There are 2 protein chains.
Amino acid sequence: MEPAANVLDLNQLRRSCSSCALYELCLPAGIGVDDLDRLDATVKDKRALDRGDMLYREGDPFEALYVVRSGALKTFVQNEAGDVQILGFHLPGEILGFDALATNLHVSQAEALERSSICELPYAKLQQVTSEVPALHRQLMRVISREVVEEHRHLVMMGRQQAQEQLASFLRSLADRYQRLHRDGSALNLPMSRYDIANYLGLVVETVSRLFSRMEEMGVLQVNRKSVRILRPELLAALCRSDAAPRRKDAG
Amino acid sequence: MEPAANVLDLNQLRRSCSSCALYELCLPAGIGVDDLDRLDATVKDKRALDRGDMLYREGDPFEALYVVRSGALKTFVQNEAGDVQILGFHLPGEILGFDALATNLHVSQAEALERSSICELPYAKLQQVTSEVPALHRQLMRVISREVVEEHRHLVMMGRQQAQEQLASFLRSLADRYQRLHRDGSALNLPMSRYDIANYLGLVVETVSRLFSRMEEMGVLQVNRKSVRILRPELLAALCRSDAAPRRKDAG
DNA sequence: CGTCGTTTTGACACGTTTCAAGTATAGTGG
DNA sequence: CCACTATACTTGAAACGTGTCAAAACGACG
């Protein structure tokens, strides 16, 4: 394991997985030191992305899985009409690219929200290693499953929650993930725009903006542009539940 | 529902995959006759489900993939508060159970909407066969990918479309799938309740009911309870697009 | 320092939900 | 088989939340 306080300390980020400060978060989590070396060898040179750069586009051939090393990305789909729907935001330690596992073609797109660096796991090599290291295979499956569960959460959010509940859920989810990164989960620095948040939740920008203001008035948050401080976590948690204004959208 | 030239003719449904009238729709599609026999041997006794019966529940161990042989099912997730969100409806020839692939535990639930019969593909055996028959493995992947794409469509529908556009899209999707079954795509017999449709789309029953009425007034549909006839397919297609009332929910 | 894109705020319109009632339908037991 | 009840579906009127349009404030950046 890595020294102490800040796992994100860039000085500690070196080339190999075995010394990757995020290693307990991504694929190698729970893998023995010896096996780590094997995985290490499959990681290709990291890629650096600027804000707006695409990691992959729809239709791109499946070449690798990607782990966010630093920065943040969004993934989205685009229909014929050009409408964009953001599927998710991806923070350091999180893995992208599963969408191409089935067809060998990406069916969604990934774009950097800010300057980011990426670990590339060429799938051909990865496949070879996973077949030899069962523990890694299990870990890969575990990560894919998180993806599926996350998609379900997204659907429930959009289908059953009101705007305010949605935003509260969204912020809590972000806070949780920040904490897993050993960062302060109560002082978020949002890498995405209000437009992105709105799109992700199926709302318009104005609504999101108003909700931030309202939650600030309520004393739940302290908002300043991209910087959001959670002042009353327990209240934020309460806002996620719809018992205050129960909708009866349940199936018969 | 048993006319002669009907692929669903139960008389033609026999025990084995090679004579399964739906075989071009499910897993064996595109598999050679010889390999079909091998898959055939892995199919366990079919299960019969009554309306309301559960095929699997959240937390159930992953034992098999299931192919709908006749009837229809719905899959859904349920959050802590008990809120249900329907993920999809499954018609004959369609496969369920992928949600457990990663954790070996089901994370969603499947319930029969009407009397249904199910092909069970025990995963242990299936895995063995797929490892020996690469074509089957590819086909399995292709099917999983459809699942992912379908989830994305669901998200776009909920996030970007208005109620009427959603219902139109939903009906078109159903019609398409009916046609693939060689059934009349313009005379739908909805296996799910209005509550189910509403839940799936993130609406309330009343809204769905009103929309059916409105679309009937417009001359697009002829609705009688579960039976829906599509009178003007081109109009229905037009209703899916939001250019009539463009919302600007796009990401910046 | 001016321009551009992002964010915020306000007033208003509209779609969807809510609440309430009524009608059809299917399932059940006599 | 019919009557009866529970459930599913429909319809109306009103309330509410979110979208729309417009404009201003703010910050980033050349």
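If you're wondering where the values come from, they're calculated on a predicted model, not measured in any experiment. Labels below follow one simple rule: chain letters A, B, ... track the order of the sequence lines, proteins then strands, and each chain is numbered from 1.
- Residue pairs meeting the salt bridge (Lys or Arg N to Asp or Glu O under 4.0 Å) criterion with at least one partner in residues 214-228 of chain B, sequence neighbours excluded, do not occur; the list is empty.
- When the P atom of C:dG27 is taken as reference, atom CD of B:Glu114 falls 12 Å away, rounded to whole Å.
- Rounded to whole Å, the distance from CG on A:Asn199 to P on C:dT6 is 14 Å.
- Rounded to an integer number of Å, the gap from CD1 of B:Ile197 to P of C:dT16 is 16 Å.
- A:Leu190 has its CG atom 16 Å from the C1' atom of C:dT8, to the nearest Å.
- Counting only heavy atoms from C-beta outward, the side chains of B:Ser169 and B:Gln161 approach each other to under 4.5 Å.
- Of the possible polar contacts, none joining the A:Arg115 side chain to the A:Ala48 backbone as a donor-acceptor pair under 3.5 Å is found.
- Residues B:Asp60 and B:Leu105 form no side-chain contact, since every pair of their non-hydrogen atoms from C-beta on lies 4.5 Å or further apart.
- Using five terminal pairs a side, the axes of the helix from C:dC1-D:dG30 to C:dG30-D:dC1 at its two ends make an angle of 50°, given in steps of 10 degrees.
- One interatomic measurement links the two molecules: CG of B:Leu167 to P of C:dG15, which rounds to 16 Å at whole-angstrom precision.
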Nucleotide N/O of nucleotides 9-16 of chain D paired with protein N/O under 3.5 Å:
from	atom 1	to	atom 2	distance (Å)
D:dC9	OP1	B:Lys226	NZ	3.3
D:dC9	OP2	B:Arg194	N	3.0
D:dC9	O4'	B:Arg225	NH2	3.3
D:dC9	O3'	B:Arg194	NH1	3.3
D:dT10	OP1	B:Arg194	NH1	2.8
D:dT10	OP2	B:Arg194	NH1	2.6
D:dT10	OP2	B:Ser209	OG	3.0
D:dT10	O5'	B:Ser209	OG	3.2
D:dT11	OP2	B:Ser213	OG	2.4
D:dG12	N7	B:Arg210	NH1	2.8
D:dG12	O6	B:Arg210	NH2	3.3

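- Remark: the B:Gln109 side chain and the B:Arg57 side chain contain no N/O donor-acceptor pair separated by less than 3.5 Å.
- Ring planes of B:Phe170 and B:Tyr200: tilted class, angle from 30 to 60°.
- Here the side chain of B:Ser117 pairs no donor or acceptor atom with the backbone of B:Arg47 at under 3.5 angstrom.
- B:Met158 places its CE atom 18 Å from the C1' atom of C:dG15, with the value rounded to the nearest Å.
- The separation between B:Gln164 atom CD and C:dT17 atom P is 14 Å, rounded to whole Å.
- Whole-Å rounding puts the A:Gln166 CD to D:dG17 P distance at 14 Å.
- No side-chain donor-acceptor contact under 3.5 Å links A:Gln179 to the backbone of A:Asp176.
- When the nearest nucleotides of DNA chain C are assigned to B:Arg51 and B:Ala163 by heavy-atom distance, the more 5′-ward of the two goes with B:Ala163.
- When side chains are defined from C-beta on, A:Thr75 does not count as touching A:Phe89, because their heavy atoms never get closer than 4.5 Å.
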